[in-house]
There are 2 protein chains.
Amino acid sequence: MIKNFSTIPAGIACPMVSFVNLISGKWAIPILYRMIVIDEPVRFSDLQRAVHPITQKELTRQLRQFESRGLVTRQVFAEVPPRVEYQITALGKSLRPTLDSLAEWMLENEGRLGD
Amino acid sequence: MIKNFSTIPAGIACPMVSFVNLISGKWAIPILYRMIVIDEPVRFSDLQRAVHPITQKELTRQLRQFESRGLVTRQVFAEVPPRVEYQITALGKSLRPTLDSLAEWMLENEGRLGD
DNA sequence: CTGAATCCGATTGGATACTG
DNA sequence: CAGTATCCAATCGGATTCAG
């Protein structure tokens, strides 16, 4: 017998919609997780090397988005050659346990997935 | 002082890339989480009502994808009117702790996010 | 009821060239 | 080095129509 499905509050899934809005796209999670693991200021070019093969354009876009959300900070040094360092914030770091869990699940179950 | 970034194995972020490939898109996580919470066979139309305002096309596409990955099952009943029931698999359910953690983080931190 | 098919606009994301 | 600007292809995703 199937329970009356409509009795389940529609709001349950809403955090998930918010989450997808927060970190959607091909590179968002990989970038964020990498920065969490690093947990130190990191230069743009180093980050690009670490998260490859991401393009400059994509990396820039995602970093700007994270910055506006308060997940990472951006510090510009008035030098030649220019140096810009990005770093994960406390808020960003608070995502670590969740993302760890996610990575672990993937490592454990990748082999079981179809296709 | 900045650690030499290139010493960090590039493989660390790979599970994340796999994860994004598994459940990317606007509706994938909301659908999956909803089915996990239900944990019972659910009809197509009920699911569409629960995860709104998703279109038929999108719901169909995502369900087919999940089916091919082994995250949900699809059972067709030869009736008039036709009935099709989808249900989360054990593999799909094993994602629950991770997705719970994700939902909780979102509920706790939604207010702290910029923009 | 459960789709498949089609059309369409919006968004994503890669490649490349250029700049301070 | 750290971007910006431009072009382009592919995908995403909504609206609508049709079919078994």
Side-chain angles (χ1 to χ4, degrees), chain A residues 2 4-6 13 16-32 34-35 38 41-69 72-87 115, chain B residues 2 4-6 13 16-32 34-35 41-68 72-87 115:
Chain A
I2 302 176
N4 183 352
F5 192 78
S6 59
M16 293 313 197
V17 173
S18 301
F19 182 79
V20 171
N21 284 336
L22 181 64
I23 46 176
S24 62
K26 187 176 176 180
W27 295 105
I29 297 184
I31 295 170
L32 206 59
R34 179 59 66 134
M35 294 186 73
I38 306 294
V42 55
R43 299 186 62 159
F44 183 87
S45 52
D46 287 333
L47 198 51
Q48 189 181 5
R49 263 185 291 280
V51 187
H52 70 281
I54 194 174
T55 60
Q56 278 185 336
K57 179 183 164 187
E58 264 308 290
L59 186 54
T60 299
R61 223 194 54 195
Q62 291 289 354
L63 286 173
R64 291 287 195 281
Q65 217 165 308
F66 290 151
E67 194 192 359
S68 80
R69 298 299 206 143
V72 310
T73 57
R74 175 176 186 265
Q75 186 176 9
V76 182
F77 295 86
E79 302 173 358
V80 176
R83 183 165 104 248
V84 180
E85 289 182 356
Y86 296 89
Q87 185 169 15
D115 268 23
Chain B
I2 303 175
N4 184 352
F5 192 77
S6 59
M16 294 315 197
V17 173
S18 302
F19 182 80
V20 172
N21 283 336
L22 181 64
I23 47 176
S24 61
K26 187 175 176 180
W27 295 106
I29 297 184
I31 294 169
L32 206 59
R34 179 58 67 133
M35 294 186 72
V42 55
R43 299 186 64 160
F44 183 87
S45 52
D46 287 334
L47 198 50
Q48 189 181 5
R49 263 185 291 279
V51 186
H52 71 279
I54 194 174
T55 60
Q56 278 183 338
K57 178 184 165 187
E58 264 308 290
L59 185 54
T60 299
R61 222 194 53 192
Q62 291 289 354
L63 286 172
R64 291 288 195 282
Q65 219 165 306
F66 290 151
E67 194 193 0
S68 80
V72 310
T73 57
R74 175 176 186 266
Q75 185 176 9
V76 182
F77 295 86
E79 303 174 358
V80 176
R83 183 164 105 248
V84 181
E85 288 183 356
Y86 295 90
Q87 186 169 16
D115 267 25

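By convention in this document, chain letters (A, B, ...) are assigned in the order of the sequence lines, proteins followed by strands, and residues within each chain are numbered from 1. In what follows, every heavy atom counts, from backbone to side chain, and hydrogens, waters and symmetry copies are set aside. Bear in mind the structure is a predicted one, so any value in this text is a computation, not a measurement.
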Please give, in whole Å, the distance from dG3(C) P to Leu47(B) CG?
11 Å

Spell out protein contact along nucleotides 14-20 of chain D as letters: B when the base is contacted, S when just the sugar-phosphate is, - when no protein heavy atom is under 4.0 Å; keep the 5' to 3' order.
BB----B

Picking from dC1(C), dA2(D), dT4(D), the nucleotide nearest the side-chain atoms of Ser45(B) would be dC1(C)

Shorter than 3.5 Å, N or O on both sides, protein versus nucleotides 9-11 of chain D: list them out with atom names.
none

For Glu85(B) and dC1(C), give me the distance from atom CD to atom P, rounded to whole Å.
14 Å

With a 4.5 Å heavy-atom cut-off, do Asp46(A) and Ile38(A) have their side chains touching?
no

Which residue is it: Glu67(B), Gln75(B), Arg74(B)? I am looking for the one with a side-chain hydrogen bond (donor to acceptor under 3.5 Å, both in side chains) to Tyr86(B).
Arg74(B)

Less than 4.5 Å apart, any side-chain heavy atom of Phe44(B) and any of Thr60(B)?
yes

d(Thr55(B) OG1, Trp27(B) CH2) to nearest 0.5 Å is 8.5 Å

So, is Arg43(A) close to the dC1(D) phosphate, meaning a side-chain N or O under 4.0 Å from OP1 or OP2?
no

For atom CG of Leu63(B) and atom C1' of dA4(C), their distance in whole Å
15 Å

Does some side-chain heavy atom of Leu59(A) sit less than 4.5 Å from a side-chain heavy atom of Val51(A)?
no

When the distance from CD of Gln75(A) to P of dA2(D) is rounded to whole Å, what number comes out?
13 Å

Does Phe77(B) reach a base, just sugar-phosphate, or nothing at all? Heavy atoms under 4.0 Å.
nothing

Measuring to OP1 and OP2 of dG3(C), would you say a side-chain N or O of Arg61(B) lies under 4.0 angstrom away?
no

When you compare the side chain of Ile31(B) with that of Met35(B), does any pair of heavy atoms fall below 4.5 Å?
yes

In whole angstroms, the gap separating P of dT11(C) from CD of Gln62(A) amounts to 15 Å

Does a nitrogen or oxygen in the side chain of Tyr86(B) sit under 4.0 Å from OP1 or OP2 of dC1(C)?
no

Euclidean distance, atom CZ of residue Arg74(B) to atom P of dC1(C) [Å, nearest integer]:
16 Å

Considering non-hydrogen atoms only, spot the tightest contact between Arg43(B) and Pro82(B) and give its length.
NH2-O, 3.2 Å

Between the CD1 atom in Ile23(B) and the CG atom in Leu32(B), the distance rounded to the nearest 0.5 Å is 6.0 Å

Report yes if a side-chain nitrogen or oxygen of Arg64(B) is closer than 4.0 Å to either non-bridging phosphate oxygen (OP1 or OP2) of dT2(C); otherwise report no.
no

Separation of atom CD in Glu67(A) from atom C1' in dG3(D), rounded to whole Å
13 Å

Side chains of Arg61(A) and Glu58(A), heavy atoms from C-beta outward: is any pair under 4.5 Å?
yes

In whole Å, I'd like the distance from the CD atom of Gln48(B) to the C1' atom of dA4(C).
14 Å

